[in-house]
Colleague: 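Could you have a look at this structure, given as C-alpha cells, before my questions?
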Amino acid sequence: NLGEHLDYKISKKQLKLDENKITFLFFGLIRRYKGLDIFLSSLNKLNKNQLDKIEVVIVGEAYDKIESYKRILSKETSENVKWVTEYIPDNKINLYFSATDYVVLPYRSASQSAIIPMAYHFNKPVIVSNLQGLVELVEHNISGYIFTNNNIDELAEILFTCIEKYNRIESMQESIKKFKHQLSTKKFVDDLIIFLNE
C-alpha cells in the first residue's frame, strides 16, 4: 500500500528539495508525545557548516499549535526546515520517503510505530529514541541509530554523525534490505513451518 520506490533525485525535485543536501524526515501526526520539539532543539545544536549541508522536512497533521514548534528554531536553523502540516494521502507517501535520507522518530513515549516499517520499505535508516516498541526494530549503527529518550545533545551527536559520515548510508541501506526480510510475513511463515515440522 506504500507505493513503489521512486527515483531519489526526481522525488527531491518534485518536492523542491536540494538534491545535494542530506534530508531528514519527520513523518506522522504532530503530537507532544512524538517529540518533535526534541528533534528541533537538537537541530539548533548544529553549527552553520553542518546546517548548510541538510534539509529537514516535517510532514503531518498538527494536533498541537505549530507556531509553538517553529518558535523553538533559531533563525539560522529555521531556514533549513520545511513544513508540510497537512494530511498526506497514501499515494503521496512514497514521494516523501523516496526523497529522504534519514527518518527521525524522537518519540517521548510509544508502544510501537508504523513509521519504522515504512522507512524500511524504502530502505531508509531511522533515528529513534530508546523506547520499548521501537528499539526492537532497530540495529544501532546498522539499520539506524538509537539515542537516549529526551537527550537533545545525544540526538544532535547522531545528526552530526549522519552529516559528517554520510558515506555510511549505502551500507546501512544494504543492511536494511537484509534486516527487513527478517520482519517479513514470508519469513514468519517459513519459520512457523520449520517449527511445526520439528
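Quick caveat: nothing in here was measured; it's all calculated off a predicted structure.
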Colleague: Drop me the distance from Ile38's CD1 to Leu43's CG, to the nearest 0.5 angstrom.
Modeller: 12.0 Å

Colleague: For residues 17-31, which residue pairs qualify under side chain to side chain donor-acceptor pair (under 3.5 Å), counting only residues two or more places apart or in two chains?
Modeller: Lys12-Thr23

Colleague: Working to the nearest 0.5 angstrom, can you tell me the gap between Ile116 CD1 and Glu136 CD?
Modeller: 9.0 Å

Colleague: So Val126 and Val138, do their side chains get closer than 4.5 Å, heavy atoms only?
Modeller: yes

Colleague: Is a donor from one side chain sitting under 3.5 angstrom from an acceptor on the other, for Asn149 and Tyr107?
Modeller: no

Colleague: Could you check if a side-chain atom of Ile127 sits within less than 4.5 angstrom of a side-chain atom of Leu105, using non-hydrogen atoms only?
Modeller: no

Colleague: In the structure I gave you, are the side-chain heavy atoms of Val84 and Tyr96 within less than 4.5 Å of one another anywhere?
Modeller: yes

Colleague: Within the 4.5 Å heavy-atom criterion, are Tyr102 and Lys124 side-chain neighbours or not?
Modeller: no

Colleague: Between His140 and Tyr145 (side chain of the first, backbone of the second, donor and acceptor by atom type, cut-off under 3.5 Å), is there such a pair?
Modeller: no

Colleague: Does Tyr63 share a hydrophobic cluster with Phe27, counting links as ILVMFWY side-chain heavy atoms below 4.5 Å and allowing steps through other members?
Modeller: no

Colleague: Is Phe160 reachable from Val104 through a run of hydrophobic residues whose side-chain heavy atoms are each under 4.5 Å from the next?
Modeller: no

Colleague: For a quick test of reading the model, state the closest non-hydrogen atom pair linking Ile10 to Asp7 and the distance between them.
Modeller: N-OD2, 2.9 Å

Colleague: Using the side chain to side chain contact (heavy atoms under 4.5 Å, CB included) definition, which of the options Val56, Leu15, Leu17 pairs with Lys82?
Modeller: Leu17

Colleague: For the atom pair CG (Asn49) and CD1 (Ile163), what is the distance rounded to the nearest 0.5 Å?
Modeller: 9.0 Å

Colleague: Determine whether the side chains of Asp37 and Tyr69 contain a donor N or O and an acceptor N or O closer than 3.5 Å.
Modeller: no

Colleague: Please name the pair of heavy atoms, one in Ile158 and one in Ile146, separated by the smallest distance, quoted to 0.1 Å.
Modeller: CD1-O, 3.7 Å

Colleague: So does Ser11 get a backbone contact from the side chain of Gln14, meaning a donor-acceptor N/O pair under 3.5 Å?
Modeller: no

Colleague: Are any side-chain N or O atoms of Asn94 and backbone N or O atoms of Glu4, one a donor and one an acceptor, separated by less than 3.5 Å?
Modeller: yes

Colleague: Keeping the roles fixed (side chain from Thr161, backbone from Glu157), state whether a donor-acceptor pair exists under 3.5 Å.
Modeller: yes

Colleague: List the atom of Asn123, the atom of Pro125, and the distance in Å for their closest heavy-atom pair.
Modeller: O-CD, 3.8 Å

Colleague: Using distance alone, with no hydrogens and no angle criterion, decide if Tyr8 and Ser98 have a side-chain donor and acceptor under 3.5 Å apart.
Modeller: no

Colleague: So do the side chains of Ile152 and Phe39 get within less than 4.5 Å of each other, counting heavy atoms only?
Modeller: no

Colleague: Could you tell me which residues satisfy salt bridge (charged side-chain N to carboxylate O under 4.0 Å, His left out) with Lys13, sequence neighbours excluded, listed by chain and number?
Modeller: none

Colleague: Which atom pair, heavy atoms only, marks the closest approach of Leu36 to Trp83?
Modeller: CD2-CZ3, 4.0 Å

Colleague: Rounded to the nearest 0.5 Å, what's the gap from OH on Tyr87 to CG on Leu29? Could you check?
Modeller: 10.0 Å

Colleague: To the nearest 0.5 Å, what is the distance between OG on Ser42 and CG on Leu159?
Modeller: 4.5 Å

Colleague: Tell me, yes or no, whether the heavy-atom count around Lys53 atom NZ, taken from other residues, nucleotides or ligands under 6.0 Å, exceeds 12.
Modeller: yes

Colleague: Can Ile72 be reached from Leu25 by stepping across I, L, V, M, F, W or Y side chains whose heavy atoms are under 4.5 Å apart?
Modeller: no

Colleague: Asp153: what forms a salt bridge (charged side-chain N to carboxylate O under 4.0 Å, His left out) with it, not counting sequence neighbours?
Modeller: Lys45

Colleague: For the residue pair Asn44 / Thr77, report whether a side-chain donor-acceptor contact shorter than 3.5 Å exists.
Modeller: yes

Colleague: If you look at every heavy atom in Val103 and Phe97, which pair is closest and at what distance?
Modeller: CG2-CE2, 3.9 Å

Colleague: Is the closest side-chain heavy-atom distance between Phe147 and Val128 below 4.5 Å?
Modeller: no

Colleague: If you define the side chain from C-beta out and look only at heavy atoms, does anything of Val57 sit under 4.5 Å from Phe26?
Modeller: no

Colleague: For the pair Asp64 (side chain) and Arg32 (backbone), establish whether a donor and an acceptor sit closer than 3.5 Å, ignoring hydrogens and angles.
Modeller: yes

Colleague: Are the side chains of Ser129 and Asn150 in touch, meaning some heavy atoms are under 4.5 Å apart?
Modeller: no

Colleague: Check whether His121 reaches the backbone of His5 with its side chain - one donor and one acceptor, N or O, closer than 3.5 Å.
Modeller: no

Colleague: Is Tyr120 reachable from Met172 through a run of I, L, V, M, F, W or Y residues, each pair having side-chain heavy atoms under 4.5 Å apart?
Modeller: no

Colleague: Do Glu67 and Arg71 meet the salt-bridge criterion of a basic N to acidic O distance under 4.0 Å?
Modeller: no

Colleague: Looking at CG of Asp52 and CD of Glu79, how far apart are the two atoms once the value is rounded to the nearest 0.5 Å?
Modeller: 9.0 Å

Colleague: Please determine whether side chain to side chain contact (heavy atoms under 4.5 Å, CB included) holds for the pair Met118 and Ile93, giving the CA-CA distance in whole Å, both sets of side-chain angles, and the decisive distance to 0.1 Å.
Modeller: CA-CA 9 Å; Met118 288 168 69; Ile93 289 174; 3.6 Å; yes

Colleague: Starting from Leu51, can I reach Tyr166 by hopping between I/L/V/M/F/W/Y residues whose side chains sit under 4.5 Å apart?
Modeller: yes

Colleague: Heavy atoms only: give me the nearest Ile58-Ile30 pair and the separation to one decimal.
Modeller: CG2-CD1, 4.0 Å

